[in-house]
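Here is the structure we will look at.
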Amino acid sequence: MKTAVKSKKHPKSPEEIKTNRSFVQRMGLQWQLILMSIPFLIHRIIFSYVPLKGWLMAFQNYKPAKGWLDQEFVGLKWFKQLFSDTVFITDIRNTFAMSLINLSLGFITAIALALLLNEIKNTFAKRFVQTVSYMPHFLSWVIVAGLVQNMLSTDSGIVNDLIVKLGISDTKIPFLSEPKYFWGIVGASNVWKEVGWNTIIYLAAMSSIDPSLYEAASMDGAGRFMKMFHVTLPGIKTTFMMLLIMNIGHILEAGFELQYLLTNGLISSVSETIDIYVLKYGIQIGNYSLGTAAGIFKSVVSITLVFIANKLAGEENKLI
Amino acid sequence: MKKSKISKLKHTSVGDIIFVICNTLFMICVVVVTLYPMLNTLAVSFNDGIDTVRGGIYLKPRVFTWANYQSIFSKGNIITAFTVSVSRTVISALLNVVFTSMVAYTLTRKEYVFRRLITVVYVLTMYFNAGLIPGYMLIKELHLLNTFAVYILPGLVSAFDLIVIRTFMKTIPESLVESASIDGAGDFRIFWSIMFPLSAPVLATIALFCAVNAWNSWFDTFLYNSSSQNLTTLQYEMMKLLSSTMNQSATNAAAMAAKGDAATGLQTPVSTRAAITIVASVPILVVYPFLQKYFVKGMTLGGVKE
């Protein structure tokens with residue numbers, strides 16, 4: 001816009017005037033479109049891009065009393081402190097471990113459930129199971145954490161009641177105060193909440209598979225399982241790849257809410273994630289610089305992974 | 001119908017029958033595992049608090065009572081929380097649907113000069129974020145701490161919703177826009193009288209997603225508004241109750257049961273939580289089955305939900 005006005009004052013060639021004028025003219029003609037969208041563009045820049053200036057804090061000894069640029073710069077001090085902190089290293093491990101568990105369990109269970117749902121021929125039964133399986137997706141993590149706690153409780157939780165009644169163990173197991181169970185509980189809760197929802201996209205992909213492929217397979221004598229493995233699974237391969245690539249960028253998003261809500265002193269060594277570390281040091285202790293440094297580490301890893309995934313995705317699946 | 005069933009049966013092998021039986025049993029398990037925690041909570045919420053501590057409540061209340069609900073609704077904070085939750089849900093769903101579809105419409109106009117810029121600015125936000133602390137500092141600098149606006153403003157017009165609506169709008173025939181334009185309709189008019197109503201199916205999906213999001217949030221209340229009691233939300237009240245019971249040991253509960261023998265009708269944290277869980281989840285659980293065909297379509301339109 002600025003250049004347009006400038007070159008209008010000092011015209012260089014008639015051609016340039018024409019293109020520049022037409023840009024300004026087009027803007028004039030499109031004033032309604034501009035009015036409808038530019039305020040929201042500015043809003044998005046304020047809420048998503050302006051906070052990036054806060055990344056400066058990670059390189060400063062940030063004191064809230066001073067202005068942004070009057071701070072003392074300390075270079076990479078906070079990053080060094082971060083990586084010499086064993087708690088942070090443990091948190092990275094926890095984050096990766098829970099992400100990988102959630103990612104792999106999430107994919108396997110969703111595809112398996114979608115395959116089995118696809119085999120149900122009774123439309124009413126299929127719809128009923130689908131509707132029920134979507135339900136947990138609509139519950140908040142606070143509610144899910146409460147349900148998990150109730151189900152696993154040693155007082156009257158059904159899981160412990162079953163374990164004792166079926167004779168798997170003589171005593172009730174304190175699931176939420178033993179570190180070895182925590183990752184499994186998080187993985188299982190994620191599956192419970194999202195498996196039905198995640199089948200939506202696979203079922204859509206399955207319904208777009210050409211029925212003649214199934215007929216041809218039947219003619220060749222393929223049974224139910226042969227068809228599942230050689231027609232249905234290849235049919236959803238593109239969808240699967242796309243989802244996998246998209247999720248690689250979110251590998252550090254192990255989730256925060258469930259871990260935060262279910263944690264207690266006994267299991268914090270396996271339940272604390274990078275996000276909880278940021279919250280603890282940044283907001284609760286008030287060390288903004290250290291918290292921001294941890295946040296930057298997470299963002300940089302995520303962005304790098306997105307770019308790698310984008311490269312791997314090939315032309316037709318480009319994310320950005 | 002019957003005939004086709006019989007002819008089908010003729011062609012089914014023993015293996016097939018076994019598969020169908022196993023699959024049916026598996027689906028029954030899925031349904032039971034999915035529904036049981038909620039049904040159990042429902043039973044606990046209608047059962048006497050002290051009686052619940054004795055254990056053994058599964059699918060139906062043993063000592064039926066309305067007391068848990070009466071007790072939560074007699075507390076002022078739950079009424080406030082309910083009001084705030086409902087208002088933030090309704091307001092953010094409405095504003096998001098109108099504003100997001102408006103921006104999405106401008107992105108469908110190929111001649112629009114800022115189309116590319118706007119798309120890039122929004123899409124990039126799907127892949128990075130500044131982080132918790134810079135975000136918190138921004139909210140503080142904008143003086144949005146302890147305001148209702150902090151529930152609505154930051155999330156207005158998200159990239160994912162924008163792309164879903166734009167993808168849908170591209171399937172609406174361009175000739176409609178062109179002929180309206182020839183008849184002298186401006187962009188506001190075209191958007192409001194043509195594109196907005198024609199996008200109703202996808203807008204229902206987005207409204208549902210936004211409503212679910214707003215209704216289920218607790219972290220923004222915790223982070224920004226925890227010191228204003230009149231801005232509390234249902235989910236945040238739930239979260240506070242959850243963390244207060246999280247570390248409660250069995251001995252505590254037993255002590256409570258003993259105390260309860262003297263004073264019956266006392267509400268325990270478990271039964272209070274059960275009642276709030278039901279209050280906080282029923283509104284959405286009643287609505288979603290009716291919107292199923294819309295959100296299934298919306299999900300496939302947007303590719304994947306983030």
Side-chain angles (χ1 to χ4, degrees), chain A residues 23 26-27 30 32-34 36-38 40-41 43-45 47-48 50-52 54-55 116 119-120 129 131-136 138-140 142-143 145-147 150-151 154-156 158 200-201 204 224 243 246 249 257 261 264 278-279 282-283 288 291-292 295-296 299 302-303 306 320, chain B residues 16 19 23 26-27 30-31 34-35 37 40-41 55-57 99 102-103 106 109 112-114 118 121-123 125 127-138 154 156-157 186-188 212 216 218 235 238-239 242 246-247 250 253 273 277 280-281 284-285 288-289 292 296 299-300 304:
Chain A
F23 182 78
R26 270 159 73 200
M27 275 185 34
Q30 294 171 352
Q32 292 195 348
L33 289 174
I34 289 174
M36 286 161 87
S37 56
I38 297 299
F40 298 102
L41 180 73
H43 161 272
R44 190 41 54 211
I45 289 172
F47 280 98
S48 294
V50 170
L52 287 176
W55 282 19
L116 293 175
E119 295 296 323
I120 301 180
V129 178
T131 307
V132 168
S133 73
Y134 299 156
M135 185 270 284
F138 294 98
L139 301 174
S140 73
V142 179
I143 288 177
L147 296 177
N150 289 344
M151 294 303 112
T154 44
D155 299 333
S156 55
I158 181 109
I200 293 182
I201 195 117
R224 189 189 290 270
L243 288 174
M246 286 196 82
E257 299 184 36
L261 295 166
N264 59 54
V278 172
L279 183 70
I283 307 286
Y288 288 163
T292 308
I296 291 179
S299 291
S302 300
I303 292 169
V306 167
I320 305 171
Chain B
D16 262 353
F19 177 84
N23 200 13
F26 176 76
M27 290 302 160
V30 169
V31 170
T34 308
L35 290 182
N40 176 246
T41 309
I57 303 297
F99 291 155
M102 195 157 90
V103 179
T106 69
R109 302 299 304 267
Y112 181 34
V113 288
F114 295 119
I118 294 170
V121 166
Y122 272 98
V123 168
T125 62
Y127 298 103
F128 80 94
N129 80 64
L132 182 71
I133 294 163
Y136 178 80
M137 303 289 282
L138 178 85
L156 224 50
V157 188
D187 284 305
F188 275 118
V212 170
N216 282 346
W218 61 274
Q235 304 289 341
M238 267 293 287
M239 181 261 171
L242 184 70
M246 195 60 218
N247 292 318
R273 226 175 61 203
T277 300
S281 49
I284 278 177
L285 299 189
Y288 90 86
Q292 190 166 333
V296 167
M299 281 289 293
T300 38
V304 256

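First the proteins, then the strands, lettered A, B, ... as listed; each starts at 1.
- B:Phe114 has its side chain out of reach of A:Leu41: every pair of non-hydrogen atoms, C-beta onward, lies at least 4.5 Å apart.
- Taking all atoms of both residues into account, the shortest heavy-atom contact from A:Val142 to B:Gln235 is CG1-O, 3.8 Å.
- Of all non-hydrogen atoms in A:Ile45 and B:Val121, the two that sit nearest each other are CG1-CG1, 4.1 Å.
- Options A:Ala204, A:Ser302, A:Gly295, A:Ser48 differ in how many heavy-atom pairs under 4.5 Å they form with chain B, and the most are formed by A:Ser48.
- Within the 4.5 angstrom heavy-atom criterion, atoms from both the backbone and the side chain of B:Leu156 approach chain A.
- Across every non-hydrogen atom of B:Thr34 and A:Val132, the tightest pair is CG2-O, 3.5 Å.
- Both the backbone and the side chain of A:Thr131 come within less than 4.5 Å of a heavy atom in chain B.
- By number of non-hydrogen pairs under 4.5 angstrom with chain B, the leading residue of A:Ser299, A:Ser133, A:Gly54, A:Ser140 is A:Ser140.
- At a 4.5 Å heavy-atom cutoff, A:Ile296 makes no contact with chain B through either its backbone or its side chain.
- With a 4.5 angstrom heavy-atom cutoff, B:Ile118 touches chain A via backbone and side-chain atoms both.
- Only the side chain of A:Leu147 has a heavy atom closer than 4.5 Å to any heavy atom of chain B.
- Contacts of B:Met238 with chain A are made by both backbone and side-chain atoms, with heavy-atom separations under 4.5 Å.
- Both the backbone and the side chain of B:Ser281 come within less than 4.5 Å of a heavy atom of chain A.
- At least one side-chain heavy atom of B:Arg273 sits under 4.5 Å from a side-chain heavy atom of A:Asn150.
- A:Pro51 and B:Pro134 make their closest contact through O-CB, 3.2 Å (heavy atoms, listed as atom of the first residue, atom of the second, distance).
- With hydrogens and angles disregarded, no donor-acceptor distance shorter than 3.5 Å links the side chain of B:Asp187 to the backbone of A:Gln30.
- One distance of note links CG of A:Leu33 with CZ of B:Arg109; it measures 6.0 Å at 0.5 Å rounding.
- Ring geometry, A:Phe138 versus B:Tyr288: the interplanar angle falls under 30°, so the pair is classed parallel (tilted spans 30 to 60°).
- For the pair B:Leu285/A:Leu139, a side-chain contact is recorded, criterion being any heavy-atom separation below 4.5 Å from C-beta on.
- Only the side chain of B:Tyr136 has a heavy atom closer than 4.5 Å to any heavy atom of chain A.
- Counting all heavy atoms, side chain and backbone alike, A:Met36 lies closest to B:Val103 at O-CG2, 3.9 Å.
- Residue contact with chain B, scored on non-hydrogen atoms closer than 4.5 Å, involves the side chain of A:Met151 exclusively.
- Nearest heavy atom pair, residue A:Phe40 against residue B:Val157, reads CD2-CG2, 3.8 Å.
- You'll find the side chain of B:Asn40 stays beyond 4.5 Å of the side chain of A:Ile158, heavy atoms only.
- With rounding to the nearest 0.5 angstrom, the CD1 atom of A:Ile38 is 8.0 Å from the OG1 atom of B:Thr106.
- Under the 4.5 Å side-chain criterion, counting only non-hydrogen atoms from C-beta, B:Val296 is in contact with A:Tyr134.
- Atoms CD1 and OG1, from A:Ile143 and B:Thr277 in turn, are 5.5 Å apart once rounded to the nearest 0.5 Å.
- Note that CE of A:Met135 and CG of B:Leu35 are 5.0 Å apart. Values are rounded to the nearest 0.5 Å.
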